[in-house]
There are 2 protein chains.
Amino acid sequence: MTDTPLKRGLPPLHPGALLREDILPSLGISVSSFAAHLRVSRQMLHRILSEEAPVTPAMALRLGKLCGNGPELWLNLQARYDLDRYGRELAKELNEIPTLNAA
Amino acid sequence: MTDTPLKRGLPPLHPGALLREDILPSLGISVSSFAAHLRVSRQMLHRILSEEAPVTPAMALRLGKLCGNGPELWLNLQARYDLDRYGRELAKELNEIPTLNAA
DNA sequence: GCGGCTGTAAATCGATAGTTTACAGTCATG
DNA sequence: CATGACTGTAAACTATCGATTTACAGCCGC
């Protein structure tokens, strides 16, 4: 009872981790040229790779196009990451929100 | 060939529309008291209902708790809405982004 | 008519996504 | 060795945006 009623056990992965660990190495491409393809500054991509910046919808569209797997994957990863993050952050306040029964 | 290769035909619904059309009426609750339960200003809720403001992860957690159906629904609705919106907005720039083949 | 409710608009505040500029490290080549 | 191209990181700055607060106009009950 010390955890949420939702899926648990899976520590949420930041999309930057997937890029850093899997995609970029398997493509054998440098951060700079990847950023150039994305039409984004290489500094921005660096911040995503170091999990400091989130994958916004616009960024998800860029990644989805460049990687060829569509934007949903990236956005879903970010969503699960955000829900975990804000779930902790707002825990106290969420406790004060009741659940309305659909009478 | 004038449209995207992704799911189409479904005009994406803003989460505010669902709240406005379905949830609030079926609960028979006023905007003000709903906002009070959410621990959010009623002005903020109004802007979501009029589809001016997005459902952020934090807001999705509040809605999910209060409605009892979890935050994912709200966040997914918003994600599809955002992908459609930014997909149009960035259409030109996305065209210039190639797709790397996973050699 | 007056107190309390609703919807909306404006000013404001703080956070944040993104670019630009700048700097230090590395490595190949002359 | 020097120089020049490339890489990673950090700072300043801009603009946008999520959210609150304040304010105001319209309604309804009494």
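Residue numbers start from 1 in every chain, and the chains themselves are labelled A, B, ... in the order their sequence lines are given, proteins ahead of strands. Treat the numbers as computed from the prediction; the structure is a model and nothing was measured.
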* Asked: Does B:Glu51 reach the main-chain N or O of B:Gly16 with its side chain, forming a donor-acceptor pair under 3.5 Å?
  ->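 Not a single qualifying donor-acceptor pair exists.
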
Dump the pairs, protein N or O against N or O of nucleotides 17-22 of chain D, anything under 3.5 Å, distances to one decimal.
from	atom 1	to	atom 2	distance (Å)
D:dA19	OP1	B:Thr56	OG1	3.1
D:dT20	OP2	B:Ser41	N	3.2
D:dT20	OP2	B:Ser41	OG	3.0
D:dT22	O4	B:Gln43	NE2	2.4

Integer-rounded Å distance: [N] [atom2] and [X] [atom1]:
X       : N      : atom1 : atom2 : answer
A:His46 : D:dC6  : NE2   : P     : 14 Å
A:Leu45 : C:dA17 : CG    : C1'   : 14 Å
B:Ile29 : C:dT6  : CD1   : C1'   : 15 Å
B:Leu90 : C:dA17 : CG    : C1'   : 13 Å
A:Leu61 : C:dG18 : CG    : P     : 12 Å

* A:Ser50 side chain near D:dT9 phosphate (N/O to OP1/OP2, under 4.0 Å) ->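 Checking D:dT9 against A:Ser50, no side-chain N or O comes under 4.0 Å of OP1 or OP2.
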
Residues [X] and [Y] bridged, charged N to O under 4.0 Å:
X       : Y       : result
A:Glu72 : B:Arg80 : no
A:Arg88 : A:Asp84 : yes
B:Lys92 : B:Glu96 : no

* Asked: Among all residues two or more places apart in sequence or in another chain, which pass the salt bridge (charged side-chain N to carboxylate O under 4.0 Å, His left out) test with A:Glu21?
  ->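 Not a single residue meets the salt bridge (charged side-chain N to carboxylate O under 4.0 Å, His left out) criterion with A:Glu21.
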
Show me the side-chain donor-acceptor pairs of residues 58-65 of chain A shorter than 3.5 Å, one per line, residues at least two apart or across chains.
from	atom 1	to	atom 2	distance (Å)
A:Arg62	NH1	A:Leu38	O	2.9
A:Arg62	NH1	A:Arg39	O	3.3
A:Arg62	NH1	B:Glu93	OE2	3.1
A:Arg62	NH2	B:Glu93	OE1	3.4
A:Arg62	NH2	B:Glu93	OE2	3.3
A:Lys65	NZ	B:Leu94	O	2.6
A:Lys65	NZ	B:Ile97	O	2.8

